[in-house]
Protein chains: 2
Amino acid sequence: MTSAGHTDVREPISEDHPTCRLRDILDRVGDKWSVLVMDLLGSGPKRYSELQRSVDGISQRMLTLTLRSLERDGLVDRTVTPTSPPRVDYTLTEVGQTLSGQVRALIQWADDHREYVARSRLRYDAT
Amino acid sequence: MTSAGHTDVREPISEDHPTCRLRDILDRVGDKWSVLVMDLLGSGPKRYSELQRSVDGISQRMLTLTLRSLERDGLVDRTVTPTSPPRVDYTLTEVGQTLSGQVRALIQWADDHREYVARSRLRYDAT
DNA sequence: CAGAATCCAACCGGATACTG
DNA sequence: CAGTATCCGGTTGGATTCTG
């Protein structure tokens, strides 16, 4: 589109290619902590400390960054109860739940093909 | 399961938690280049140089690493034609195609919610 | 053409310490 | 309790050079 002279080779993927504009969504799904947190929130609202205890190995820093990011994207709601000490609850939004569903489908795929991938790797590594 | 004394708090996510064993699959989906390469291969076999031209901005190093990784997992087939100069074609395997389908579903989700996410971010950043 | 190998800068994320 | 701020080591990936 930008220049002439192409034959039948696909256009290079650039900024306005659909796949690229979806990068941030894919990053989200690929993100270790986001997936784990969304998975936990899928079973109901959780407090900050609850998440920290449940997501094994997550640092305070990463939990906060992950929640902020999910909140920014409208996937998670943050509810502050200004008691003392303060209480903060996190919930999946409706849209967050639909993404969570997609992730679950992906997890299903992985489950269905775990053996296959494992065997492929063994075979490949034997070379 | 490992220790007593829990109330109703979920078990911490550990190595043998399903979500963790699927980490490598999610990493694959979240990987910038893997998704782009699989997307391209979805429309038919491609040569190495063809991929390099089509995937805008990918370095030789990353293209090779990505293809090796996809091949290792049994998602991509590599066919060498030992002419001179050599010719190498890459194709999605059957399993690779099914994953590609999942990714497409995810891309569909992102398409359906792009506006929502964009607006969420604008609102959040305005704070 | 299709890679392999090396080098190095940038980013990521864990650990730690501090706060309203 | 629910964070924020700072430091810093490890990994990632781009640029470059070389090869069958």
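Here is how names work: the chains are called A, B, and so on, in the same order as the sequence lines, proteins then strands, and each is numbered from 1.
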When the distance from CD of E50(A) to C1' of dA2(D) is rounded to whole Å, what number comes out?
14 Å

Please determine whether residues L99(A) and Y124(B) belong to a single hydrophobic cluster, defined as Ile, Leu, Val, Met, Phe, Trp and Tyr linked transitively by side-chain heavy-atom distances below 4.5 Å.
no

Taking only heavy atoms on the protein side, list every residue of residues 69-86 of chain A lying under 4.0 Å from any atom of DNA chain C, sorted numerically.
P86(A)

With sequence neighbours left out, the residues meeting side-chain hydrogen bond (donor to acceptor under 3.5 Å, both in side chains) with D112(A) are Q108(A)

Pair listing, side-chain hydrogen bond (donor to acceptor under 3.5 Å, both in side chains) test, anchored in residues 57-67 of chain A, at least two apart
Y48(A)-T64(A)

Using five pairs at either end of the helix from dC1(C)-dG20(D) to dG20(C)-dC1(D), determine the angle between the two local helix axes and round it to 10 degrees.
50°

Are V117(A) and L122(A) co-members of a hydrophobic cluster defined by side-chain heavy atoms under 4.5 Å apart?
no

What residues, two or more places apart in sequence or in another chain, satisfy salt bridge (Lys or Arg N to Asp or Glu O under 4.0 Å) together with R78(B)?
none

Of all residues at least two apart in sequence or in a different chain, which pass the side-chain hydrogen bond (donor to acceptor under 3.5 Å, both in side chains) check with R87(A)?
D89(A)

Got a sec, which residues hit side-chain hydrogen bond (donor to acceptor under 3.5 Å, both in side chains) with S100(A), two or more places apart in sequence or on another chain?
R104(A)

Below 4.0 Å: OP1/OP2 of dA2(C) and any side-chain N or O of R87(B):
no

Partners of S69(B) by side-chain hydrogen bond (donor to acceptor under 3.5 Å, both in side chains), sequence neighbours excluded?
R28(B)

In whole Å, I'd like the distance from the CD atom of Q52(B) to the C1' atom of dG14(D).
13 Å

Rounded distance in Å - CG (L67(A)) to P (dG3(D)):
7 Å

Base versus backbone protein contacts along nucleotides 4-18 of chain C [heavy-atom cut-off under 4.0 Å; B, S, -]
B-B------BBB-B-

Length of the OH-P vector between Y48(B) and dG20(D), whole Å
17 Å

Compare side-chain N and O positions of Y90(B) against OP1 and OP2 of dG3(C) and report whether any pair is under 4.0 Å apart.
yes

With sequence neighbours excluded, tell me which residues meet side chain to side chain contact (heavy atoms under 4.5 Å, CB included) with S120(B).
Y116(B)

Which residues satisfy the ring-ring contact (aromatic ring centres under 6.0 Å, His included) test with W109(B), sequence neighbours excluded?
H113(B)

By the ring pair (Phe, Tyr, Trp, His ring centres under 6.0 Å) test, which pairs, at least two apart or in different chains, include something from residues 25-44 of chain A?
none

If I take atom CG in residue L51(A) and atom P in nucleotide dA2(D), what distance separates them, rounded to the nearest angstrom?
9 Å

